[in-house]
Amino acid sequence: MASLNTLIAVCLIYVAFLFGVAFAAERAGIRGRAGWLLRSPLVYTLSLSIYCTAWTFYGAVGYAARSGLEYVTIYLGPSLVMIGWWWVLRRLVRIGRSHKVTSIADLISSRYGKSNTLAIVVTLMAVIGVTPYIALQLQSVTLSLSIFASAEGAATRIDSASSALWVAAGLALFTVLFGTRNLNANERHHGVVIAVAVEAVVKLVALLAVGIFVVWGVAGGLPQTLARIDASPIGTWQMQGSRWAALTVLSAAAFLCLPRMFQVMVVENDDERHLQIASWAFPLYLMLMSLFVVPIAVVGLDLLPPGSNPDLFVLSLPLSQGRDGLATLSFLGGFSSATSMVIVATLALSTMVSNHVVMPIWLTLRTGGATQSGDVRDVVIFARRVSILVIIALGYVYYRASGGSGALAAIGLISFAGVAQFLPVTLGGIFWRGATRMGALVGLGTGFGLWVYTMLLPGFGAGAILPAGVIDAGPWGISWLRPQALFGVEGLDPTVHAVLWSLALNSLSFVVVSLVTFPRPLERLQGAQFVNIFDHSGQARGWNASVAESEDLMIMAQRILGAAEAQSLFQSEARRQGLSGHLPEPTPKFVQGLERELAGSVGAATAHAMIGQIVGGTSVSVQDLMAVADESAQMLEYSSQLEAKSRELSQTAAQLREANEKLTELSLQKDAFLSQISHELRTPMTSIRAFSEILRDTEGLHPEEKTKYASIIHVETIRLTRLLDDLLDLSVLENGQVTLNRQSGALSDVLDHAITTAQASTDGRIAIRRSRGNEAVMLQTDLDRLSQVFINLITNAQKYCAADAPALTIDVARDGGAVVVDFIDNGSGIPAQARQVMFEKFSRLGLQDNKGAGLGLAICREIMHRLGGDVVYRTGTGGTAFRVILPQAQSLAAQ
Amino acid sequence: MGKHVLLVEDELNIVEAMRFLLSRDGWRVEAHSDGASAVEVIRGTRPDLVVLDVMLPGKSGFDILGELREDATTADLPVLMLTARGQARDRDMAEKAGVSRFMTKPFSNTEVLNAVRDLMRG
């Protein structure tokens with residue numbers, strides 16, 4: 001009989017051996033040797049066998065002894081996944097590799113827009129879901145130890161609680177030493193994987209050895225074994241369809257979603273092609289593992305005393321037959337199963353906890369300051385170690401809390417159902433672009449809540465956490481809320497019931513919420529990358545592929561730099577490399593140079609991301625994306641600034657064009673004005689010069705002629721003087737330099753003065769008719785200027801009215817608020833085409849005997865504008881009619 | 001006979017001065033002050049010389065000159081143009097239109113008489 005001490009010594013030696021293997025593997029990995037072994041599909045396949053834990057090793061037999069062939073479902077699910085769903089796995093592996101995914105929490109959070117909330121939720125769910133599983137391993141190791149102890153006799157009976165604690169402590173130490181020795185960027189652990197592979201071999205060999213011993217050593221051969229099976233209750237066991245389906249689905253889901261499975265399958269994967277081999281090799285391994293389960297169970301039930309724990313037949317059968325060596329090997333198999341599971345599971349969980357819970361908190365608490373990389377490294381490793389201890393401690397607490405009573409298989413199923421809740425969001429995430437973060441959160445929350453309520457809490461046993469009344473009658477007596485008969489669905493197996501409700505409502509709420517919510521840009525981007533992973537990333541490329549890569553780079557460079565520049569860049573590089581074609585080899589140096597070139601156009605982060613997509617299939621990190629977004633925003637900003645600038649410029653150009661047109665027009669007007677002035681000055685001067693020369697040069701002029709010519713000179717001189725006066729007056733008025741002398745006076749007085757003046761200065765006579773009754777209007781304005789306007793209008797009438805008996809009617813009236821003074825003569829009026837220009841300077845209306853310079857009306861209009869009124873031509877009166885408009889402010893009502 | 005001049009000028013004082021000067025030099029002087037009817041009057045009176053102002057009511061001196069030169073009966077008629085707009089551009093226009101002599105106002109009486117005598121000799 002093997003003593004307990006011997007057993008512990010064997011365990012320690014075995015652990016030391018594993019250490020050695022792992023250490024050697026890591027050393028070899030660092031030195032780059034033995035790559036063929038470290039990265040072989042065999043090791044990959046064997047590492048997948050951490051699926052087979054102590055639950056499978058011991059529990060499958062117990063399961064078979066209790067429920068017949070149902071244990072097969074636990075192997076069936078993963079086998080179906082490996083064979084039938086290898087394309088899902090390939091997708092997961094590709095995403096994992098190209099996005100440098102470190103865990104299932106990272107995968108889900110990364111897919112849903114790098115949501116840290118989601119990462120924390122998944123991490124917590126994983127910890128809660130996997131804790132029972134770890135407890136299960138503790139329980140199995142403790143149980144197996146106790147079998148040896150009880151076989152040794154009552155004297156060495158050990159306390160199961162303290163032995164479990166020792167086992168837990170040992171596992172924690174083992175994991176800390178193995179898993180956190182160094183920190184790789186890609187979270188790969190070659191040493192651990194090799195150790196796991198070795199353990200996989202040990203457990204398979206142990207189980208096969210026990211099986212062969214049982215069939216040929218105990219039962220006496222294959223036919224006898226088959227006969228025993230036929231005779232046993234297992235042989236007559238009836239399959240329950242719903243339970244089979246549910247358990248198969250459950251184990252398949254768990255195989256995909258268990259954090260430790262994700263770790264070995266995706267994170268530790270070195271080569272996608274290993275999946276192809278594993279897709280048949282791993283089901284084969286599972287088949288071998290399950291081969292002798294039924295014989296062991298049947299023989300155990302036959303030979304061992306009733307009440308023996310069927311979960312431990314694998315150990316107790318050899319022991320009962322006195323085969324200590326075989327029992328020890330079997331123990332090592334179970335020990336291997338437990339340790340490998342705990343190590344990888346805690347490793348995966350601690351990665352999640354430290355990356356998604358501890359580090360974000362630590363980074364938030366550390367305010368400001370550049371963080372040194374070594375600093376972070378220490379914190380990460382410390383966080384990992386603490387996480388490992390905490391997770392294993394949780395497992396121990398669960399083990400103690402559940403009393404170690406539940407059958408191994410039941411605990412395992414609880415765990416499976418917990419992690420299976422990740423399945424909808426994972427599959428949705430990699431196949432459905434419409435899946436959103438909110439949908440994932442709601443789906444996960446719903447599924448997990450239901451799992452806790454219908455499976456985890458009742459799993460502690462009635463009364464442990466949930467009162468028995470709640471389980472039997474529902475909370476507050478609401479029967480349709482009974483945890484094991486939700487919504488009145490009764491008669492289902494509790495496991496089937498829980499899996500059905502939690503997964504169905506999880507999926508439903510995930511899909512519905514995804515449909516009604518809107519993904520953020522980052523979610524959309526990540527979703528597209530995940531769903532179209534095979535469009536975006538390339539498999540590791542060989543030599544030939546590099547030409548295609550150059551071509552891709554060329555196409556991208558052309559888009560950004562323009563065809564000509566990109567071609568010359570690539571051609572000069574190709575020449576430099578001595579290649580005949582126009583595509584160079586994408587050497588690191590060239591790619592770097594190209595990235596710099598592109599960065600000049602699109603920004604560094606964008607260039608890096610673009611190059612990375614083509615060359616390395618590297619993933620785009622959040623920081624990269626943020627930087628890309630920043631750059632895009634800056635460019636948008638810059639281009640909108642440019643647009644605004646160009647709008648401004650074109651506006652300025654239009655204004656300048658307008659101003660230029662105005663200036664040109666003004667210049668033309670000035671030329672015309674000067675030409676007019678020249679003409680107006682030269683004309684009287686011509687007469688003056690001619691007659692003064694006549695007077696000077698002509699002998700014997702008649703005195704009358706002398707007088708006549710002298711008076712012509714005199715009149716022309718006055719004309720010149722008046723012209724100059726008018727010009728100056730107009731110039732002053734137009735420049736606004738005139739000072740108005742406002743005073744009050746009666747309109748009738750102003751008219752009296754104007755008429756008197758006009759009649760005195762000209763010899764032309766015109767009869768003037770006034771209506772004095774209306775003239776009693778008081779004015780407050782520059783009366784002299786107003787008088788000047790009146791004089792001008794009266795003088796014009798005197799000069800130009802061609803009627804036989806010229807008459808001018810001056811009428812005062814009110815038009816609205818304004819006082820208007822009309823000057824209407826009985827002449828023929830002014831032709832329509834002349835009316836438009838008569839207020840312009842030098843417009844003399846083509847009148848033959850016009851001696852004026854054509855400035856009079858222009859001056860009148862300028863004066864009236866200055867006074868705030870106007871002077872206009874009135875049509876429809878028959879004669880020439882001008883209306884002077886005095887605004888209300890200037891006219892005061894007469895008493 | 002033979003020395004018949006038509007003054008086309010709207011400034012009556014200038015007409016008065018020219019009439020005095022030219023009649024003393026042996027010219028029979030007629031005057032017309034409207035531009036619009038000037039060409040007809042010239043065709044009707046058939047003068048030996050036309051003294052033409054530029055700024056005329058109805059039609060400009062340049063237009064009148066143009067019409068005279070287009071008509072075969074008046075194409076060679078000597079025309080002395082007088083203008084108060086003394087710009088180089090006006091001189092160019094006048095020469096292009098076929099003026100015989102171009103003078104700017106104000107002028108010296110001697111100059112005008114010399115110009116008229118030149119035109120009659122040529």
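From a predicted model like this one, the values you see are computed outputs, not experimental measurements. Chain letters run A, B, ... following the sequence lines, proteins first and then strands; every chain starts at 1.
- Interface remark: of the candidates A:Thr686, A:Val715, A:Ile712, A:Thr686 forms the most heavy-atom pairs closer than 4.5 Å to chain B.
- Heavy atoms closer than 4.5 Å to chain A are found nowhere in B:Leu56, neither backbone nor side chain.
- In this structure, a donor-acceptor pair under 3.5 Å is absent between the side chains of B:Ser23 and B:Arg19.
- Looking at B:Phe20, only its side chain comes within 4.5 Å of chain A, counting heavy atoms on both sides.
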CA sep, side-chain torsions, deciding dist, call: B:Ser37, B:His32, side chain to side chain donor-acceptor pair (under 3.5 Å): CA-CA 9 Å; B:Ser37 54; B:His32 185 75; 2.8 Å; yes
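- The shortest distance between side-chain heavy atoms of B:Lys3 and B:Arg28 does not fall below 4.5 Å.
- Between A:Phe882 and A:Tyr873, the ring-plane angle classifies as perpendicular under the 30° and 60° cut-offs.
- Proximity to chain B is limited to the side chain of A:Leu701, based on heavy atoms less than 4.5 angstrom apart.
- Of all the listed residues (A:Thr683, A:Ile694, A:Thr698, A:Asp697), the one sharing the greatest number of non-hydrogen pairs under 4.5 Å with chain B is A:Ile694.
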Pair A:Arg770-A:Asp811, salt bridge (Lys or Arg N to Asp or Glu O under 4.0 Å): steps then yes or no: CA-CA 6 Å; A:Arg770 296 167 65 179; A:Asp811 198 18; over 6 Å; no
